[in-house]
Amino acid sequence: MSGGPSVAVALPVPVDRLFDYAAPADLFPGGPPPPGALVEAPLGSGRTVGVVWGPGGASWGGASDPPAALKPLIRALEAPPLPEPLRAFIARAADYTLTPIGMMARLACRAPGLGEPAPERAVLRLGPGAPDRMTPARARVLDVLAALGGAGLSPGDLAREAGVSASVAAGLEACGALLRESAPRDAPYPALDPEAAPAALSPAQAAAALAARAAVAQAAAAQPGAGGFSTTLLQGVTGSGKTEVYLEAVAEALARGRQALVMLPEIALTAAFLDRLAARFGAAPAAWHSGVSGAERRRLWRAAASGAAQVVIGARSALFLPFARLGLIVVDEEHEGAYKQEDGALYHARDMAVLRASCEGAAALLASATPSLESWVNAETGRYRRLTLPDRYGPATLPRLAAVDLRRDGPARGRWIAPPLAKATAERLAAGEQTLLFLNRRGYAPLTVCRACGHFFECPDCDARLVEHRLRGKLVCHQCGHAEPQPAACPSCGAADRLAATGPGVERLAEEAAALFPQARVALLSSDTAAGPAALRAQIEEIAGGGADVIIGTQLVAKGHNFPLLTLVGVIDADLGLANGDLRAAERTFQLIRQVSGRAGRAERPGLALIQTAAPEHPVIRAILAGDEEGFLRREAAERQAAGSPPFGRMAAAILSGPDEAKTWEAARALARAGGPLEAVGARLFGPAPAPVARIRGRFRVRLLVKAPRTAPLQPALRAWIAAAPPRGGVRLAVDVDPQSFL
DNA sequence: AGCACGCCGACT
DNA sequence: GTCGGCGTGCTC
């Protein structure tokens, strides 16, 4: 290297490479910016913000040598550098998820105004001089400031607080009784008190809390990155008091001067949750999610970096905040699919939380009533610690589960509510109790067929069938969102009135329920029926409060709100999710039916769940009916191990997409022939489409799966593989990972 | 990811 | 004859 100091910078471009820049002494008199510094750099014809990764010449993956003449950096931003543990996390997360490092690093710079110094504002406070004369208005101003001690107020706030006009303060300032100063615009976060209002814990909670606190204490006592890290799975059914337990862990972090991050899958839940934490710790913690304003993001980003933000409640993206001394990460509802980030960088936030904790020497705490298979396996094998909370009320709260064998007791053709379920529903109606009929299928009917010619409607852009949405008068593709008006006549043969809806959707089920129980108030709950999230919440609340007798719902009803009046749940088609060939179909079906069944009944009045199935002997259905979660997880884990699927390895996919089916398929075969990296490569396709070549939005796609041992260097292997058979002829190639836990 | 370069269709 | 479509390739 020649020509003065240079640095390697991670830039937000999808290239597996660092970019070298000159850091000339005239621009950087104190030496080149240190690792972690945020810098502005010229790139192509424009400029972009990146993160200094090390001295120039560092190679992160990239093969080609940097050019002889380096462009100089433009400037260093006025923000604290990303701490070393965060950089380590970014590098490992990028490698793990096959994401270019700069794209991962970008997630840590997502706060506005990082280029500018922390904003200041003018404040007035008591000055050394005495007022030239006293008036009642002036006295009120001085009283307000005296009550604040040495602190100041902005001119506007001061006038408002004192109930005077701005000119009063101006007069006092002119005679030296008030002093105008500059102060940080961002108010500090209120201090949290770990002992403000400790919860009363049951013996089981207290025991779990003790262990959770010990894990945090262990992390806090160790040097960062020196063995303090641990992961704990906190398992306990709804109502067992998991939250109180992990808040004890948060209290321990607070008491030891470490920061805590609590991750939630749903942003909508944070408001209520913040209230709860405010009650526990005496003040509300900071919140980080997509709905937080720019000013608040800037404030929180800097407060995380300074350590002033003691506790942060956040969504996925909070994982990339520059915490100064993180001691604990809690992942609430760790099994939730919402933790998967699937656009841009691909990652599973639960796994990245564990990774971040390991980089920070912090404790990770995963909480769930129904743990994901991955976490359960990790707890079983001893990689994670495990804490279990027993049901607070004993087994009586669990609803009684019974199967309705559709082969024997099924409904008439074109009907979906079997006689035993109809009878049970009628009984609830007579008793003034609510029934939930669960069917995880939106719309009126999943298939529309012409009875005259057999024509059925397919999406023009993909392989999926169009679903009739009678309420909207549309045919809709559930895969890509394509919608078209519902025709009156068959477009193929022209026959009018011969189009037949085939199969059930919730709209059709609601129709049937209304006909079956004419005296009942039937409510339909589906993501299509409400105007927006707020309207939907209001609707759910109204129904839960007794606004309906029979609730028809999709998976939407499985989560969140409680239905205290509900004593019967009917699962219309338990077999629905099991047939679609998806890797996680069984797991999802088990969790969904278990969650939705659990909605029946309450402590003093156990409910009933009737599971309609045509395959009661299916192992998954049998496990559901027996309430045998452990058995299900054990069997599912063994099956996946036999199939070599996650969580027993890493899986990546090369996705080829092109405008032409033959060319796309040929490129995929060439890639497969080029010799797979590491282990076998096959043209297996996962996902909803049944064919090896799927059509999505008019383009053809093939997924080649790559399986690798957990610790294998997948990134370079994939690069070499793709270099051996680069796609041609308009075919594009993207590498995708299945964002799941293999940690 | 942006952004420029480059080679084929319908317009003043 | 040009404006502009988006396919391809590069960014220290």
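Note on naming: letters A, B, ... go to the chains in the order of the sequence lines (proteins, then strands), and numbering restarts at 1 for each one.
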(request) With side-chain contact (heavy atoms from CB on, under 4.5 Å) as the test, would you mind laying out the steps for A:Leu11 and A:Leu43 before giving the verdict? (result) CA-CA 9 Å; A:Leu11 296 177; A:Leu43 181 70; 3.8 Å; yes
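Atom CG of A:Leu300 is separated from atom OH of A:Tyr189 by 4.0 Å, given to the nearest 0.5 angstrom.
Taking atom CZ of A:Arg47 as the reference point, atom C1' of C:dC12 lies 16 Å away to the nearest angstrom. Distance A:Lys71 NZ to C:dC10 P: 15 Å, rounded to the nearest Å. Summarising the geometry, the separation between CD1 on A:Ile101 and C1' on C:dT11 is reported as 17 Å, rounded to the nearest angstrom. As rounded to whole Å, 13 Å separates atom C1' of C:dT11 from atom CG of A:Leu70. When the P atom of C:dC12 is taken as reference, atom CG of A:Leu18 falls 14 Å away, rounded to whole Å.
Checked against the 6.0 Å centroid criterion, the rings of A:Phe320 and A:Phe89 qualify as a close aromatic pair.
Looking at heavy atoms from C-beta onward, A:Tyr21 lies out of side-chain contact with A:Val52 at the 4.5 angstrom threshold. For the pair A:Glu484/A:Lys474, no side-chain contact is recorded, criterion being any heavy-atom separation below 4.5 Å from C-beta on.
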Any N/O pairs under 3.5 Å between the protein and nucleotides 1-5 of chain B? List them or say none.
from	atom 1	to	atom 2	distance (Å)
B:dC3	O3'	A:Ser45	OG	3.3

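Inspection of the A:Arg110 and A:Ser317 side chains reveals no N or O donor paired with an N or O acceptor under 3.5 Å.
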